Amino acid sequence: MNKILEKKQLSADVFRMKIEAPLIAEERKAGQFLILQVDKELGERIPLTIANADAQEGFIEIIFQAVGATTRQLSRKEAGESVEAVLGPLGQPTVIEKKDGPVVCVGGGIGVAPMHPIVEAHHKIGNRVITIMGARNKDLLIMEDEMKALSDELIICTDDGSYGRKDLVTVPLKELCESDTPPAEVIAIGPPIMMKFCAETTRPYKVHTMVSLNTIMVDGTGMCGGCRVSIGGETKFVCVDGPEFDGHLVDFDNMMMRLKSYKNQEAHRCNLDIEAEKLEAERK
Amino acid sequence: MSNYKAPEILEKEASELWDTLKETELTPKSRRDIPQQDMPSQDPDIRRGNMEEVAVGYTAEQVFVESARCLQCKNAPCINGCPVSIDIPRFIKEAGDGKFGPAIDVIKESSMLPAICGRVCPQEKQCMEQCTLGKILKDPEKSVAIGRIERFLADWESENRPETAPELPPSNGKKVAIVGSGPSGLTAAADLRKAGFEVTIFEAFHKPGGVTVYGIPEFRLPKAIVEREVEGLMRMGVTFENNFLVGRTRKLKDLMEKDGYNAVYIASGAGLPKFMHIEGENLVGVFSANEFLTRSNLMKAYDSNAATPIYQAKRVAVFGGGNVAMDAARTAVRMGAEEVHIIYRRTEKEMPARVEEVHHAKEEGVIFNLLTSPVRILGDEDGRVRAIECLKYELGEPDESGRRKPVPIEGSEFTIDVETCIPAIGNTSNPLIKQTTPGLEFTRWGTIEVDENQKTSLDHVFAGGDISQGAATVILAMGDGRKAAAAIIEDLK
Ligand SMILES: Cc1cc2nc3c(=O)[nH]c(=O)nc-3n(C[C@H](O)[C@H](O)[C@H](O)COP(=O)(O)OP(=O)(O)OC[C@H]3O[C@@H](n4cnc5c(N)ncnc54)[C@H](O)[C@@H]3O)c2cc1C
Ligand SMILES: Cc1cc2nc3c(=O)[nH]c(=O)nc-3n(C[C@H](O)[C@H](O)[C@H](O)COP(=O)(O)OP(=O)(O)OC[C@H]3O[C@@H](n4cnc5c(N)ncnc54)[C@H](O)[C@@H]3O)c2cc1C
Ligand code: SF4
Ligand code: FES
């Protein structure tokens, strides 16, 4: 049992929670995630990124969007209550190295949350960080202040122009690739379709681009293979080999198909998907 | 295949037979003429639709009749067939005399988990393979049904003996960490605790038990049985740290250096599913048996109130011929599939599954496609499985091992329409501990290298069960746990 220490609502369906988990707080590194279970007997195990942690205080933070049964159930929990289980930190940490050029971090929608510890880590070792944040509209933007504090430059895009630039995140990304100081590395986290187009954007410029994949998972320890994706023609398990992979090698189409495996059964449409389909439609 | 007999009929037959047998002086000749007692089981038509245990267990009269078949051989070859050397004729003698308490005590001298082993051991390849009676009758399946008697005794004990914590010596102040709560870890924990150690079991999942809770289905091994064993260990003072992944939540080295564990036993199992690397394996509707079984068992997807979904399919193909394949196929039947295929490259004789499971699968209507192998999986425009293409095989010349190797028949391709495919072709070991534990030596198959005392290349670190043997069996995993516990006791003296 892990106690919820604090809960905040960031937007209509996005929540931020501080959860007691001293060991995970101590061990976690940027890029890692956890598996959370709200209810032990009949509950589902869902993967969520560790958005922040404090080893001294012994807590971790998660930021999640209520898209389906379990994330909604979690969103109804209040500070003082507990969740049944938190397992982590899982996955390979992000490789954080000193770079000659800027590191561009692209976060779309809820993807800004997993981006936070990565931006923080790059900032800490002295890399020049340019953060691009995208959301459908102003109300859906999260963590602006935190990202601003950690980034050398912050570019905000909204689909409807209600805040920042009225652009898809790929537009400023392309500009940066074409600039005099092109990115030494790009990291993109967000809906699969966004990551796919970020990878397509940087491919002609041969800019190394990492993406963090959010496949369906069960155990999160490499036991089931449900999270598998095709990377450069090879099957990899996101939970143990990832979650970050070279975006230029990911078979996004297969991954997106697999994300829809339980679509009929889950009976409700995923907000991420709606957002993704909209993005796709706008591109066409 | 319909020689199904209802439990009531078996019970009646056994008690009538016992009425005559108990009055007669039995000779070796007459003993061998006693028919083997069938395992009473749920009606196949009914059990297809429920998750309850298929085999319901012998009645006392069946135990008497079956025990009367035992010849009480002086040399007891059956004991040699048992990986933990249970004194089989002695417990059968006690059971036949109705002394069930003493009988189960004999088993417990050597085996910690008889209720589990009685249900899942491949007896026809172990004790029953060596049994004199089976040799006489020229069929190991006709040997004394040792496992069924074992199961009866274990169940008798849990119903008739109050749960008591054994007398424990005072703590010796030394701590042992066990990685993994499968049969191997549980067994080592019991022995170490009894020897006075403070024992903590670290388990990645939210429930202890290893494969016995996430893999082997309820209808073959009720989870309550595993829970009882775990509760017994808790009463003995063993600590369970669930949701703890050694290597990530804490490195093995830190457990020893920072957290003060004096020794570690790694029993992390063989939890990495193999895929066949054929075309279409990442289509929607292809699941490793581990995933399919974990969703249905551990995550209880068969319960409509469970949050974890399971993919719905009318037609399912399972690749493989072991216990894992049978479990996946029979689970698919229970999840509502109308047509379930086993696709296996060799013949039924080579199937590694327990004979009883193959028999049960057939009774439940599973279709066996033998000498057949999938070549690719075909999908529709949404990337969902629609069919598999298979190739027919025939048995060729015997190879070095004397096994006739299946060879493909050219041009024999055919398709089977299915919506789900479940590769169940085996597991290898999870690389996590390897990646996070420098200095620990592994074999080239990814299993941990151990000596005859289960000792690894690192000081005070031992390993056993599937992580050192490769996917093996419950009883072998348990045997390793025993050996490792003895070695740790010696090591920390
Ligand atoms: C490594 C990793 C890190 C993640 N980090 C975060 C995070 O920090 N914050 C966050 O809000 N979400 C994150 N996710 C996604 C999150 O796990 C899913 O949103 C969650 O599992 C949905 O569960 P549910 O029961 O609420 O919805 P469900 O009822 O299971 O599903 C609702 C809809 O979501 C779709 N869906 C299911 N699983 C996923 C998934 N993994 N990704 C996208 N769609 C899915 C379903 O097809 C369905 O249409 C992460 C996923 C991974 C793999
Ligand atoms: C579907 C299926 C059916 C089977 N049927 C039979 C049968 O009928 N008869 C038979 O004899 N055998 C059968 N087996 C094989 C048998 O179950 C195994 O040989 C046995 O369970 C191995 O025991 P173990 O203790 O070594 O490991 P496991 O039972 O695999 O347990 C290992 C445990 O360690 C945990 N773990 C792994 N890594 C870590 C880590 N880093 N930190 C913390 N915890 C970790 C895992 O979550 C797991 O719970 C079957 C196997 C399967 C999959
Ligand atoms: S070999 Fe068979 S008949 Fe002989 S003692 Fe063992 S179980 Fe009895
Ligand atoms: S979630 Fe099961 S292997 Fe990755």
Side-chain angles (χ1 to χ4, degrees), chain A residues 1-2 21 23-24 26-28 32 34-46 68-70 73 84-92 216 218-230 234-235 237 240-241 251 253-267, chain B residues 203-207 211 214-215 241-245 247-251 254 258 268-275 277 281-295 298-301 303-312 379 381-384 423 427 429-432 435:
Chain A
M1 296 280 259
N2 301 67
L23 287 178
I24 303 178
E26 197 179 316
E27 294 283 330
R28 71 94 204 194
Q32 291 187 302
L34 47 78
I35 290 268
L36 183 143
Q37 209 179 359
V38 181
D39 170 62
K40 184 166 172 183
E41 280 311 315
L42 296 170
E44 200 173 11
R45 298 164 62 94
I46 60 161
T70 305
Q73 191 188 9
E84 190 56 51
V86 179
L87 170 72
L90 304 174
Q92 306 284 349
I216 293 174
V218 183
D219 57 303
T221 67
M223 193 276 285
C224 75
C227 62
R228 67 191 188 279
V229 285
S230 177
E234 242 185 281
T235 294
F237 290 4
V240 286
D241 302 319
D251 182 345
D253 295 337
N254 178 258
M255 177 188 149
M256 286 189 271
M257 259 165 21
R258 291 182 59 82
L259 269 174
K260 291 186 187 143
S261 297
Y262 298 96
K263 195 135 203 162
N264 306 338
Q265 267 155 285
E266 301 275 12
Chain B
E203 169 55 50
F205 269 126
H206 52 284
K207 277 188 192 168
V211 169
Y214 78 70
E241 287 277 1
N242 297 338
N243 304 300
F244 193 114
L245 187 64
R248 286 266 179 251
T249 312
R250 210 87 167 130
K251 304 234 168 10
D254 292 341
K258 293 191 188 158
S268 55
L272 187 79
K274 283 195 207 158
F275 286 92
H277 305 294
E281 214 157 27
N282 289 343
L283 289 168
V284 178
V286 185
F287 304 94
S288 76
N290 281 2
E291 180 179 358
F292 189 73
L293 290 169
T294 301
R295 282 178 183 275
L298 184 69
M299 308 312 296
K300 300 207 167 80
D303 185 325
S304 58
N305 294 316
T308 303
I310 199 159
Y311 198 70
Q312 297 296 324
E381 61 276 13
D382 294 327
R384 289 176 181 253
N427 285 316
S429 40
N430 190 310
L432 184 69
Q435 288 167 2

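Quick caveat: nothing in here was measured; it's all calculated off a predicted structure. For the numbers below, each heavy atom of this structure counts, side chains included, while hydrogens, waters and symmetry mates do not. Naming: A, B, ... by sequence-line order, numbering from 1 per chain.
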- Interface check, chain A: of Val284(B), Thr249(B), Asn290(B), most non-hydrogen pairs under 4.5 Å belong to Thr249(B)
- Item | Phe275(B) and Phe237(A) aromatic ring geometry - parallel, tilted or perpendicular at 30°/60° bounds | perpendicular
- Query: Under a 4.5 Å heavy-atom cut-off, does chain B meet the side chain of Val38(A), its backbone, both or neither?
  - Reply: neither
- Message: A side-chain contact here means heavy atoms from C-beta on lying under 4.5 Å apart; do Leu272(B) and Met223(A) qualify?
- Response: no
- Tell me, for Tyr214(B) versus chain A, whether the close heavy atoms (under 4.5 Å) come from the side chain, the backbone, both or neither. side chain
- Message: At a 4.5 Å cut-off on heavy atoms, which part of Arg45(A) comes close to chain B: side chain, backbone, both, or neither?
- Response: both
- Give the minimum heavy-atom separation between Ser261(A) and Tyr311(B), together with the two atoms involved. O-CE1, 3.4 Å
- Task: In plain terms, say whether Arg295(B) and Glu44(A) are close enough for a salt bridge, that is, a side-chain N and a carboxylate O under 4.0 Å apart.
- Result: no
- Message: Return the CG to CG distance between Leu283(B) and Asn254(A), rounded to the nearest 0.5 Å.
- Response: 7.0 Å
- Message: What's the separation between atom OG1 in Thr308(B) and atom CD1 in Ile216(A), rounded to the nearest 0.5 Å?
- Response: 11.0 Å
- Note on the structure: CG (Asn2(A)) and CG (Asn243(B)) are apart, to the nearest 0.5 Å, by 7.5 Å
- Query: Does a donor on one side chain sit under 3.5 Å from an acceptor on the other, for Asn282(B) and Arg228(A)?
  - Reply: yes
- Spacing of Cys227(A) atom SG and Glu291(B) atom CD [to the nearest 0.5 Å]: 8.5 Å
- Heavy-atom contact with chain B under 4.5 Å, split by part of Glu41(A): both
- Does Glu27(A) come within less than 4.0 Å of Arg248(B), counting only side-chain N to carboxylate O? no
- Ile46(A) versus chain B, the contacting section by heavy-atom distance below 4.5 Å: neither
- Item | Any Phe244(B) side-chain heavy atom under 4.5 Å of Leu23(A) side chain | yes
- Message: Using a 3.5 Å distance criterion without hydrogens, assess whether the side chain of Asn430(B) forms a donor-acceptor pair with backbone atoms of Thr221(A).
- Response: yes
- Side chain, backbone, both or neither: which part of Leu245(B) has a heavy atom under 4.5 Å from chain A? both
- Interface moiety of Gln92(A) toward chain B, non-hydrogen atoms closer than 4.5 Å: both
- Of Gly383(B), Ala270(B), Pro273(B), the largest count of non-hydrogen pairs under 4.5 angstrom with chain A goes to Pro273(B)
- Note on the structure: Counting heavy-atom pairs under 4.5 Å with chain B, the top scorer among Gly91(A), Cys224(A), Gly222(A), Gly226(A) is Cys224(A)
- Side chain proximity check, Met299(B) to Gln37(A), heavy atoms < 4.5 angstrom: yes
- Query: Tell me, side chain or backbone of Asp254(B) under 4.5 Å from chain A's heavy atoms, or both, or neither?
  - Reply: side chain
- Query: So what's closer than 4.5 Å to chain A heavy atoms on Asp303(B): side chain, backbone, both or neither?
  - Reply: side chain
